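Shown next, in C-alpha cells, is the structure this report addresses.
If you're wondering where the values come from, they're calculated on a predicted model, not measured in any experiment.
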Amino acid sequence: QVQLVESGGGLVQAGGSLRLSCAASGRSFSPYNMGWFRQAPGEERKFVAAISWGGGTANYADSVKGRFTISRDNAKNTVYLQMNSLKPEDTAVYYCAAAKYGGNTPLAGRYDYWGQGTQVTVSS
C-alpha cells in the first residue's frame, strides 16, 4: 500500500501561484509514476500532469501547459505541482495518484493509489 497526502491548496487570486505537495508513505515511492488530477463541482476527474518514476519525463494536459510544472523528490517521497498564472477555471479539488505501470499516463484508471485531495480556489 502507498498512502498519499496532498497539501498546499488554498484561495488565490487570478494570476497568482500555488505549489501543491503530495507526500507518500508506505511502500517505496520511487518505483511509482505519479500524477495530478483535478475535479471541479459537477465534472468528472481530469488529468493535469504526470511524471515518470525517475523524473525524466513529464506529461501535461493542454489546459495547463506552460503554466504548471510537475516535479518529484524521491529522497523525500514527495511530488509537487507548481501552478503559476492561475485562472478561475483552475478551481477544483486536486488529487495526486501513484501508478506502478503505464509511464506518465493521463488515464485515471491506470493509477493504483489516490490521495484525499486538496481544494484550490482561484478568484477572479
Apply side chain to side chain contact (heavy atoms under 4.5 Å, CB included) to [X] and list each qualifying residue two or more places apart in sequence or on a separate chain.
X	answer
Ser85	Arg67
Ala58	Tyr60, Ile70
Gln119	Thr91, Val93, Thr121

Open item on the list: Would you compute the distance between atom OH of Tyr32 and atom CG of Leu4 and round it to the nearest 0.5 angstrom?
Closed with: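 Atom-to-atom, Tyr32:OH and Leu4:CG are 9.5 Å apart.
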Open item on the list: I need the Thr118 OG1 to Trp36 CH2 distance, nearest 0.5 Å.
Closed with: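 Atom-to-atom, Thr118:OG1 and Trp36:CH2 are 7.5 Å apart.
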Applying disulfide bond (SG atoms under 2.5 Å apart), which residue pairs with at least one partner in [range] are found, sequence neighbours left out?
range	result
residues 41-76	none
residues 47-83	none
residues 95-124	Cys22-Cys96

TODO: Please confirm whether the backbone N or O of Trp53 pairs with a side-chain atom of Asn33, one donor and one acceptor, at under 3.5 Å?
DONE: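 The answer is yes, because a donor-acceptor pair under 3.5 Å joins these two groups.
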Open item on the list: When you measure from the side chain of Ser63 to the backbone of Ala61, do you find a donor-acceptor pair of N or O atoms at a distance under 3.5 Å?
Closed with: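 Side chain of Ser63 to backbone of Ala61, a donor-acceptor pair under 3.5 Å: no, none is there.
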Task: Minimal non-hydrogen separation, Ala92 against Ala40, with atom names - done: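 Closest pair (atom of Ala92, atom of Ala40, distance): CB-N, 3.8 Å.
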Task: Taking every non-hydrogen atom, the tightest pair across Ala24 and Val2 - done: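 Minimum heavy-atom contact is CB-CG1, 4.2 Å.
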- [ ] Show your reasoning for whether side-chain contact (heavy atoms from CB on, under 4.5 Å) applies to Thr69 and Leu81.
- [x] CA-CA 6 Å; Thr69 302; Leu81 185 69; over 6 Å; no
- [ ] Apply the test side-chain contact (heavy atoms from CB on, under 4.5 Å) to residues Phe47 and Asn59: give CA-CA distance (whole Å), side-chain angles for both, the deciding distance (0.1 Å), then the verdict.
- [x] CA-CA 10 Å; Phe47 171 74; Asn59 188 17; 3.9 Å; yes
Task: Gln82 vs Phe68 side-chain heavy atoms within contact, under 4.5 Å - done: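 Sidechains of Phe68 and Gln82: no contact.
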In one Ile/Leu/Val/Met/Phe/Trp/Tyr side-chain cluster, 4.5 Å: [X], [Y]:
X	Y	value
Leu18	Ile51	yes
Val79	Leu20	yes
Tyr95	Val120	no

Open item on the list: For residues 5-22, which residue pairs pass the side chain to side chain donor-acceptor pair (under 3.5 Å) check, not counting sequence neighbours?
Closed with: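 The answer is Ser17-Asn84.
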TODO: May I have all residue pairs that pass side chain to side chain donor-acceptor pair (under 3.5 Å) and include part of residues 98-115, sequence neighbours excluded?
DONE: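 Non-adjacent pairs meeting side chain to side chain donor-acceptor pair (under 3.5 Å): Thr57-Asn104.
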- [ ] Kindly state each residue pair satisfying salt bridge (Lys or Arg N to Asp or Glu O under 4.0 Å) with at least one member in residues 50-64, sequence neighbours excluded.
- [x]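 Sorted result for residues 50-64: Asp62-Lys65.
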Task: Qualifying salt bridge (Lys or Arg N to Asp or Glu O under 4.0 Å) pairs, either residue in residues 29-46, two or more places apart - done: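 Listed by first then second residue: Arg38-Asp90, Glu43-Lys46.
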TODO: Mind checking side chain to side chain donor-acceptor pair (under 3.5 Å) for Asn74 and listing every partner two or more places apart, or none if nothing turns up?
DONE: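 Partners of Asn74 under the side chain to side chain donor-acceptor pair (under 3.5 Å) test: Arg72.
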Task: Set of ring pair (Phe, Tyr, Trp, His ring centres under 6.0 Å) partners for Tyr80, sequence neighbours left out - done: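 Ring pair (Phe, Tyr, Trp, His ring centres under 6.0 Å) check on Tyr80 returns nothing, list empty.
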